[in-house]
Student: 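Please see the structure below; I have some questions.
To find a chain, count down the sequence lines: A is the first, B the second, and so on, and within it residues start at 1.
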Amino acid sequence: MALRRLFTATVYRNCQIRPGYWRADLDLDSSGCEAFSEVQPGQFAELRVSDISLPPAQEVPANLRDLAQRNIILRRPFSFCDVHAGPKGIRIGVLYCVLGPATVRMMSLARGDQVSLIGPLGKGYTVSPEKKYALLLAGGMGAPPLMHLGEYIRARYPEVTPIAFLGARSLEHLPYDVHIDNEKGAYAAEYDRIGVESHIATDDGSIGFRGFVTQCVEQWLKEQAIQPEEAGLYSCGPEVMLAATVALADKYGIACQVSMERMMACGIGLCQSCVVATKGKGETGPYKLCCMDGPVFDGKDVVFE
Amino acid sequence: MALRRLFTATVYRNCQIRPGYWRADLDLDSSGCEAFSEVQPGQFAELRVSDISLPPAQEVPANLRDLAQRNIILRRPFSFCDVHAGPKGIRIGVLYCVLGPATVRMMSLARGDQVSLIGPLGKGYTVSPEKKYALLLAGGMGAPPLMHLGEYIRARYPEVTPIAFLGARSLEHLPYDVHIDNEKGAYAAEYDRIGVESHIATDDGSIGFRGFVTQCVEQWLKEQAIQPEEAGLYSCGPEVMLAATVALADKYGIACQVSMERMMACGIGLCQSCVVATKGKGETGPYKLCCMDGPVFDGKDVVFE
Amino acid sequence: MSESIDLTVDFAGLKAANPVFTASGTCGYCNELADFMDLSRLGGFITKSITPEARRGNPTPRIVETDSGMLNAIGLANVGVDLFIKEKLPAIAQMNTLVFVNLAGQTMEEYVAVAEKLSLRKEVAGFELNISCPNVKEGGITFGTDPAQIEQITSRVKNAVGGKVLMVKLTPSVTDITATARAAVNGGADALSLVNTFPAMVIDIETRRPILANRSGGLSGPAIKPIAIYLVHRVFTEVAGPGHIPIMGMGGIRTASDALEFLLAGATAVAVGTATFAQPDCAIRIIQGMEEHCRRKGISSIRNLIGGLQ
Amino acid sequence: MSESIDLTVDFAGLKAANPVFTASGTCGYCNELADFMDLSRLGGFITKSITPEARRGNPTPRIVETDSGMLNAIGLANVGVDLFIKEKLPAIAQMNTLVFVNLAGQTMEEYVAVAEKLSLRKEVAGFELNISCPNVKEGGITFGTDPAQIEQITSRVKNAVGGKVLMVKLTPSVTDITATARAAVNGGADALSLVNTFPAMVIDIETRRPILANRSGGLSGPAIKPIAIYLVHRVFTEVAGPGHIPIMGMGGIRTASDALEFLLAGATAVAVGTATFAQPDCAIRIIQGMEEHCRRKGISSIRNLIGGLQ
Ligand SMILES: Cc1cc2nc3c(=O)[nH]c(=O)nc-3n(C[C@H](O)[C@H](O)[C@H](O)COP(=O)(O)OP(=O)(O)OC[C@H]3O[C@@H](n4cnc5c(N)ncnc54)[C@H](O)[C@@H]3O)c2cc1C
Ligand SMILES: Cc1cc2nc3c(=O)[nH]c(=O)nc-3n(C[C@H](O)[C@H](O)[C@H](O)COP(=O)(O)OP(=O)(O)OC[C@H]3O[C@@H](n4cnc5c(N)ncnc54)[C@H](O)[C@@H]3O)c2cc1C
Ligand SMILES: Cc1cc2nc3c(=O)[nH]c(=O)nc-3n(C[C@H](O)[C@H](O)[C@H](O)COP(=O)(O)O)c2cc1C
Ligand SMILES: Cc1cc2nc3c(=O)[nH]c(=O)nc-3n(C[C@H](O)[C@H](O)[C@H](O)COP(=O)(O)O)c2cc1C
Ligand code: FES
Ligand code: FES
């Protein structure tokens, strides 16, 4: 079991990146830096957000006004969109979508505020260094850990080319700074910045490829005439999208890792709330814990519900 | 029934005035200004503090760490140490002592924060314009409304001389900026600033008169050979001190008003939680509501428990 | 967009403008909340518990806050039925909403006495029978846990209300709430209201004494909401729904979403209690929020949601 | 200043280093918390419920947060007693604290079967009989509400535990907890633990479905603390205290003050559940806080506080 700790981080910055999507950068204390020195993309941390103030009523999205009033006690799991070790320590980026009482409160984090974290937790993505392409499939808020993975691969596996496929219902649900270029088509500036080619897919075609992100990848696989052993799929997003990704991986015989999401009470293997059904001898095999055995699983092992 | 409203105020300033004692100044919105245009000293407001963040752990007083974790839902009653009408509206001062989950949270109020208030509530002090002296007896945190009363009398009743008697267990429990002067002895700068003479009493004699504030007043009454009809007593503080004040008033035949404190769930007469036993035909008469019939009562009417 | 949503509900034959009531003991006798809301916009109003004689209630402290909740031990303090009729009914007559009078007493006779005095008053739409107050030694919760006694008191009071609606308020602190609910229905209850507060205690570790002068009190507020929802749903599916007995759901309601949860669980109307203390216009905000919800979801009548849990 | 405070308590003949345990189902099987605390500093540790066969438990979502609380419907997911013995007992042997194994089953025979398999294991100090789980159809809470069944199952399991301590865990959802407590004592319980969670429900108003896949779940956390304190105090004064049966108090404990409230109410030890999720080292902080409290108040032994409510 890798190192994991309960520690404090200091907010360096917290800002809205587009309506409903925010990014917080946190500077870890020395204990956190130690724990995060070998963090893998796809791991997560449990943030304590119960002590943060509620933003003023007019800043709370109308559809969340009722939910926002809930007094919260549990931590919340978040993965990281990047982890940068600088001279003064480690800074992690958390990209988050505002959709409930905890994330509403996170909007009011300000520089200098302190946040308690437990992490890094769970098992992240395992990069296959022999594959030519690492295809990163992100659905909606699935973005953060894959961004980290892209950068991680660029830094450590020069032989592997990461390529991101970023899907969402429509343009306004894409948590990126999307650009359009005559040559490259639609791409995300965030991935561009880390030197990762990206493709955009929207269900409604409001930008990029029209259709599911899995269809977009499939088209690319065909166009490029990729051989199964040349590529690995790394995906994160809503469960239907992950199931489609696994089906695609099966069809083409490509290895595939999926990052699963579950409501988690503890994040550290105490409560059994976060189980994921896995394949076994019979119909389904044992449940595994998303927080300990995952969140990243081999696509072959997961039984989607 | 005077005007009372549910409205929003904006924090102008919030700072510690000495360890454990804080002062918040709040700018009322237009609806609040209207409601407060005729506020009487001794009235109060119900503040909503449940949405405010908890200060960082190291700033929470050690003895309040456990209490501070409580998720709060009810408002809290506070009176005002001053109410100033300026060109831009009304600003009220709230002096508070940090002793539980609500007041701990109030420590983290910052300029520009919004706070919901209901007020002004209850009945305040009634000034007797025919008395030469208004003797203000404050015990511990009883200070705020009497400070307002002192200023109020100075502004509206030039024939009445307010004199404050400020008591506490010891120097560090006096929520004032205490000065010592050869001529005046120990006095509170806050009262000096509003042109009110003040006398300090501490139970342990760590500053000023050694003994209870009621003993200090009694000495003054004797020294000045005050006639009963010349003075009115206006008091606020712990219940034992109020009882002693009423006993003193009885002894000298002086009129006396006391401001009572009760745990209040609503502050507006809905819940019956805040009752004060009053004298009646039998042993005790009916209970009255501290939030509606009080908090200021005629000392003669109250049955102390 | 501005198409009007039908928020009216039929509550045991009474037509309420909407399903939102204020709960007994948390909204005064009559017009105490008038400075903060237009009372005629309420679905209805439930008075403090009224007893035959005036009651001073318990000594203070009578309340203490807890995590997301509060305890109260008011002890049924009230002016008594005669003063209520004299001083409060005139204001109630002006309120222009359905008013239920909450009945309490120490013996069956006392409940009946209050009911009889009010049974002919047209200001009163109905009664809520409080047999579940945890804060008085006599009467109160002991009546409320024994099905045989519940049936008996319900039928006796039913005879005294002169045809007005009788709603029986149940305590959540029983092994099987369907048994107490069924007893009330068998006794002739026109409606059920649940839940009352839970017996609870807070201890001051410095003084080693309970904070409340009464030692224990009743827990209310958001803390208890998920238990209340569960109980309303059980009573709806096992007792009230099949018999078409409407339920007044309560316990921790603070937002329109909370109120809608109760409707989906089977409540025909809801009552807002503790939340009014924190937000005096809470009930009105809930009505607005319900209307917005219906508009957003394309629901033409709030009645379509009642018992709609899948 | 640094004079040492005696935090030890005698729990049904077992000597605990201090009164703070971790609660069943919230601290794993054995050493899951080892990264966050020194487990040997605990007063004791209560395992997840163990059944004869492995159980997968309920589908997800299995939890949902509520105001100051949470619902769980794990469904007694566990590896089963054989794998527990093989894979978890070795780690338990290293923990150097009192370990109670929580027993669950669908029939009396199943409880007995698990108890027998563990009765001779020296790693196990005692057992907690879970007859109050709200999240399984069979067994669970139905055993826990009927005094006759409680007495019977307690005495049968008591015969199977080979002289080890048997603690019976009570549900708070009964009309009269002294009746169930007395039944357990009559059946031979060496200790009582209370409270388990309250049956509760959260509805998603958008989908009109319960959030939990199991529809309902058990409410735990600070929200229920004042009810738990009340019940512990009642059981202490009416049943356990007179019979010198120790109580393991639980329900919403998050701070040393909370734990001290339970001791004053009559608990000899306490168990920390939900709070550990938010703060994994919560139990250790509580132990420290208790020691500080005793030092500040000049209390030489924590035992002086037990049942000390005035
Ligand atoms: C391993 C892992 C990594 C993650 N990484 C990220 C990340 O990088 N960025 C990110 O944005 N998110 C991430 N998430 C998801 C994130 O944890 C959740 O978005 C967060 O917990 C939301 O908390 P909340 O309190 O704001 O909303 P919640 O209360 O959790 O609500 C979320 C949704 O569930 C519904 N819901 C939940 N409870 C109730 C209830 N009681 N009543 C009605 N409806 C309810 C709400 O309608 C709401 O839309 C991750 C999750 C996991 C498991
Ligand atoms: C009319 C009126 C005017 C007032 N004006 C002022 C003012 O101007 N300035 C001012 O500072 N205060 C004033 N007060 C008092 C003020 O309302 C309280 O200090 C405030 O409510 C404290 O809130 P809290 O949450 O911080 O502490 P609380 O939780 O209210 O706790 C206060 C104390 O009670 C004990 N206590 C309460 N609940 C519990 C519990 N559940 N368990 C254990 N212990 C508990 C605590 O030990 C604590 O020391 C006024 C009160 C009234 C009625
Ligand atoms: C301060 C207070 C006083 C109450 N008084 C009464 C009462 O007199 N009669 C009654 O039937 N219920 C009374 N109740 C119970 C409420 O009507 C309601 O059933 C309960 O509080 C749950 O709803 P809530 O969580 O919204 O407050 C009282 C509740 C509170 C908080
Ligand atoms: C996620 C979770 C799982 C639980 N599992 C069990 C269990 O397996 N057996 C049991 O007896 N109690 C179980 N409980 C109940 C706790 O042991 C405890 O009685 C209850 O949660 C109240 O304490 P708390 O408020 O501190 O959590 C569980 C509680 C939670 C929150
Ligand atoms: S979240 Fe608790 S075991 Fe996974
Ligand atoms: S505080 Fe509610 S009636 Fe006074």
Student: Taking heavy atoms only and a threshold strictly under 4.5 Å, list by residue number the residues of residues 302-310 of chain D that touch chain B; give 'none' if the list is empty.
Tutor: none

Student: Most heavy-atom pairs under 4.5 angstrom with chain B, which of D/G289, D/A256, D/A223, D/P222?
Tutor: D/A256

Student: Please verify the inter-ring angle class for D/F100 with D/F21; under 30° counts as parallel, over 60° as perpendicular, anything in between as tilted.
Tutor: perpendicular

Student: Please check this pair: side chain of D/N96 against backbone of D/S40, looking for a donor-acceptor N/O pair closer than 3.5 Å.
Tutor: no

Student: Considering the options B/V275, B/D293, B/V302, B/V296, which one meets the side-chain contact (heavy atoms from CB on, under 4.5 Å) requirement together with B/M260?
Tutor: B/V302

Student: Do we see a donor-acceptor contact under 3.5 Å between the side chains of B/Q69 and D/T255?
Tutor: no

Student: Hey, are D/E292 and D/R285 close enough for a salt bridge, meaning a charged N less than 4.0 Å from a carboxylate O?
Tutor: no

Student: Test B/S116 against every option in B/E46, B/R48, B/R75 by the side-chain hydrogen bond (donor to acceptor under 3.5 Å, both in side chains) rule and name the one that passes.
Tutor: B/R75

